[in-house]
Amino acid sequence: MKRAGRALKFSIAGVAVILLGALVTGLFMPLEVTGVMITALGALGAVALGVILSREPIVSQDMLVKADIKTLPHTTSLWLDAQRKALPAPAQALADSIGVKLECLAPQLQALDEREPAATEIRRLIADELPELVAGYQRVPENLRRDGLNGLSPDKQLVEGLAVVDSELKRMSEQLASGDLNKLATQGRYLEIKYQGDAS
């Protein structure tokens, strides 16, 4: 959906430039049939170029660890979007919700120092724990994801884990908005609690 919006924006801009160029040229000389055909081909080329330019770079899990805290939410969102098709439907809905929260979080991190404990907590959640949760699920053979072994369903664990990430992102954003960085930095570990609960 995001890519379609970008493609449409780039294509409209390209077509507008082509038509403006044709209009200006038409003021000084008649376009005739050849000029109209060139304009039409140029407009088609602009649409194709818009689609090509709308492509986002492929983000690997390793790139998340190296990303700057200011660009980390966008980079994580791109990575998560690329994993979306491999997730079950309930997890896809949560991935979408997490993507929206990451977009909201990005402007809040522009003034956050990388050395702040709050930055460490945010990085741990969206560069370590979230990717490992999704990657761990993807390592489970497809035939075992729904039912799992010993009554533990990887599908259910993934959805529960993503729900925790989603709620933690909301909490972090609220605390950043209120300027309560100390509380954000000292709050308990989110996903660890969930995993301990599953192990018991």
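Side chains are part of it too, since the values below use all heavy atoms of this structure and drop only hydrogens, waters and symmetry mates. For reference, positions follow the sequence shown, starting with 1.
Counting heavy atoms from C-beta on, the side chains of Leu94 and Val165 never come closer than 4.5 Å. A 4.5 Å side-chain heavy-atom check between Gln61 and Trp79 finds at least one atom pair inside the cut-off. Side-chain contact between Leu162 and Val134 is present, with at least one heavy-atom pair separated by less than 4.5 Å.
Every residue was checked against the side-chain contact (heavy atoms from CB on, under 4.5 Å) condition with Ala93, not counting sequence neighbours, and none meets it. Residues that satisfy the salt bridge (Lys or Arg N to Asp or Glu O under 4.0 Å) test with Asp113, not counting sequence neighbours, are Arg115. Lys170 is linked by a salt bridge (Lys or Arg N to Asp or Glu O under 4.0 Å) to Glu174, counting only residues two or more places apart in sequence or in another chain. Contacts of Pro90 classified as side-chain contact (heavy atoms from CB on, under 4.5 Å), with partners at least two apart in sequence or in another chain: Pro88, Val159.
Looking only at distances, a side-chain donor or acceptor of Gln110 sits under 3.5 Å from a matching main-chain atom of Ala106.
Taking CD of Gln157 as the start and OH of Tyr137 as the end, the distance is 11.0 Å to the nearest 0.5 Å. Remark: Thr76 OG1 to His74 NE2 distance equals 10.0 Å, nearest 0.5 Å. Glu121 CD to Glu168 CD: the interatomic distance, rounded to the nearest 0.5 Å, is 9.5 Å. Atoms OG1 and CG, from Thr120 and Asp128 in turn, are 10.5 Å apart once rounded to the nearest 0.5 Å. In this structure, the separation between CG on Leu125 and CE on Met172 is 4.5 Å, given to the nearest 0.5 Å. Atom CD of residue Glu132 and atom CG of residue Leu64 lie 11.5 Å apart, to the nearest 0.5 angstrom.
Side-chain atoms of Ser173 and Gln108 include a donor-acceptor pair closer than 3.5 Å.
A side chain to side chain donor-acceptor pair (under 3.5 Å) check over residues 82-97, counting only residues at least two apart or in different chains, returns the pairs Gln83-Gln138, Arg84-Gln92, Arg84-Asp96, Ser97-Lys101, Ser97-Asp166.
Looking at every heavy atom in both residues, Pro73 comes nearest to Leu102 through CB-O, 3.4 Å. Nearest approach of Val140 to Pro154, heavy atoms of both residues: CG1-CG, 3.9 Å. In plain terms, the two heavy atoms of Arg146 and Ser153 that are nearest each other are O-OG, 2.8 Å.
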Can I get a per-line list of side-chain donor-acceptor pairs under 3.5 Å for residues 65-72, giving both atom names and the distance, sequence neighbours left out?
from, atom 1, to, atom 2, distance (Å)
Asp68, OD2, Lys70, N, 2.8
Thr71, OG1, Asp68, O, 3.2

